[in-house]
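A short worksheet on the structure shown next.
Order of appearance sets the numbers: ligands from 1, and atoms from 1 within every ligand. One is the number of the first residue; the rest follow in order along the sequence.
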Amino acid sequence: MTDPRLPCGQQWAAPGKWPLVGERWPDPALSPTELTIEGCCAFPQTITLEQIASLPPTTLTLDIHCVTRWSQKSLTFRGVLLRDLLSESQPKPSARFVAYIARSTRLHSTSMPLADALELGTLLATHVDGEPISTEHGGPLRVITPGRYFYKSLKWLMKIELLEEDRLGYWEAAAGYHNHADPWLEERYVSSSLSRADALALVTSRDLSGKELLSLDLRGHELSHLQAVAAILRNSNFNRCQLLAADFSRANLSNATFCEADLRGAQFREADLEGASFLGANLSGADLRGASLLGCTFVSGMAQPTCQIDRTTQFSATALNMLSTLEAEFIAAHALVS
Ligand SMILES: Nc1nc2c(c(=O)[nH]1)N[C@H]1C(S)=C(S)[C@@H](COP(=O)(O)O)O[C@H]1N2
Ligand SMILES: [Mo]
């Protein structure tokens, strides 16, 4: 049974639990009470949160979809439409892109075509479900971009810049997240920068430790004892691979797929497995202690079989909180949880 509200490859997070993703806290050295609008506009300005609160409020109820495969149903945000906020600054016709910059130590950012942002009904939100947005979730002011993966919804908005040319945001540049980010088109990542031949040459060495290799396609390969300690392998495809005793300790395997892979005795300690899928994989003897499992899939596929987990498969109890109810119950029932 497919849920028409759930885009392909997503799962509902446990009801009432809104996960925290990315930066956890803003930079306390920067003022939270002002928003600057600058760039290609007739009237750049800095306005206070009070002034924003005096603009006509808009309420918007929507589902949010994180690129790491969890979704959260029906959050009601209240705030001011980007359209209403920008009207006073009068964007010039040359303003083709909008960038949002966060009040955070890394000056986190994201961007998109201005026309898309306006058309989608982008909201600068101060409240969620009737309460002020908490600091962890981006309060006092966060961007809510409907119809895009949630990385287009910036926390702790400090500056809006109107640009002639696009400037890739933090995740888009650093993690290869897709710049269009439509969950209904499953636009999660740009494709691999590596040719298939180059990827295969690397793989024959069996040592990927510390390497950064986005979106590798290694389907079906014999990679037993692969060394991939601390490797960055986001969105890589290891479906049906032989990965006996492979070592992925501390690796970033966000959104990687291991469907029907042989992972007996594999190491995933402290790995980032957010959004990864293990449907049909054999995880007997595998060690996933300390791994981050938000949005990870072990059982909830429609057509595929569940993975094989037994009392020799190790998980940390704390990691189970990050899974959907169905996933957490399956693991608690079959694995060694400590
Ligand atoms: N400032 C800032 N905004 C951000 C991020 C971040 O790291 N820093 N991460 C993005 C990502 S990837 C997601 S999924 C959502 C997570 O928002 P939440 O922590 O409120 O769930 O925020 C987005 N906005
Ligand atoms: Mo995300």
Salt-bridge test for Arg219 and Glu260: reply yes if a basic N is under 4.0 Å from a carboxylate O, no otherwise.
-> no
What atoms in ligand 1 come closer than 4.0 Å to a heavy atom of Leu20?
-> 19 (O)
Would Phe268 and Ile232 show up in the same hydrophobic cluster when neighbours are defined by side-chain heavy atoms closer than 4.5 Å?
-> no
Just checking, any donor-acceptor pair under 3.5 angstrom between side chains of Ser104 and Glu23?
-> yes
In ligand 1, the atoms that come under 4.0 Å of a heavy atom of Glu23 are 1 (N), 2 (C), 6 (C), 7 (O), 8 (N)
Are the aromatic rings of Tyr149 and Tyr189 close, with centres under 6.0 Å apart?
-> no
Do the numbers put Arg103 on top of the ring of Trp25, so that NZ or CZ is under 6.0 Å from the six-membered ring centre and no more than 45° off the axis?
-> no
Starting from atom 14 (S) of ligand 1, locate the nearest protein heavy atom and write down its residue, its atom name and how far away it is, to 0.1 Å.
-> Cys66 SG, 3.4 Å
Do Ser284 and Asn282 meet the criterion of a side-chain donor-acceptor pair at a distance under 3.5 Å?
-> no
Charged N to carboxylate O under 4.0 angstrom, Arg96 versus Glu164?
-> no
Under a 4.0 Å heavy-atom limit, does Trp156 contact ligand 1 with its side chain, its backbone, both, or neither?
-> side chain
Considering the heavy atoms of Ser153, write down every atom of ligand 1 situated less than 4.0 Å from one of them.
-> 22 (O), 23 (C), 24 (N)
For ligand 1, which atoms have a heavy atom of Ala102 less than 4.0 angstrom away?
-> 1 (N)
Classify the angle between the aromatic ring planes of Phe248 and Phe258 as parallel (below 30°), tilted (30 to 60°) or perpendicular (above 60°).
-> perpendicular
Can we say Arg69 and Glu186 salt-bridge, meaning some charged N sits less than 4.0 Å from an Asp/Glu carboxylate O?
-> yes
Taking distance alone, with no angle check, do Ser104 and ligand 1 share an N/O pair under 3.5 Å?
-> no
Starting from atom 15 (C) of ligand 1, locate the nearest protein heavy atom and write down its residue, its atom name and how far away it is, to 0.1 Å.
-> Phe150 CD2, 3.4 Å
Closest to atom 3 (N) of ligand 1 among protein heavy atoms sits Lys155 N, 3.0 Å
Arg167 NZ/CZ over Phe97 ring centroid, <6.0 Å and within 45° of normal | no
Which atoms of ligand 1 have any heavy atom of Gly22 under 4.0 Å away?
-> 7 (O)
Contact region, Tyr149 to ligand 1, non-hydrogen atoms below 4.0 Å, reads neither
Quick check: does Pro19 get an N/O under 3.5 Å from an N/O on ligand 1?
-> yes
Can you tell me which residue and heavy atom of the protein come closest to atom 11 (C) of ligand 1, and the distance to 0.1 Å?
-> Tyr151 CA, 3.8 Å
Any N or O on Trp171 sitting closer than 3.5 Å to an N or O of ligand 1?
-> yes
For Val21, is at least one N or O under 3.5 Å away from an N or O on ligand 1?
-> yes
Hey, what do you get for NE2 (His108) to CG (Leu154), rounding to the nearest 0.5 Å?
-> 5.5 Å
With heavy atoms of Arg106 as the reference, note each atom of ligand 1 found under 4.0 Å away.
-> 6 (C), 7 (O)
Quick one: does ligand 1 sit under 4.0 Å from the side chain of Gln72, the backbone, both or neither, non-hydrogen atoms only?
-> neither
Using a strict cut-off of 4.0 Å, indicate which atoms of ligand 1 neighbour a heavy atom of Leu154.
-> 3 (N), 24 (N)
Give a yes or no on whether a salt bridge exists between Asp262 and Arg264, defined as a side-chain N under 4.0 angstrom from a carboxylate O.
-> yes
Just go through His108, Glu136, Arg142, His137 and tell me whose heavy atom is the nearest to atom 6 (C) of ligand 1.
-> His108
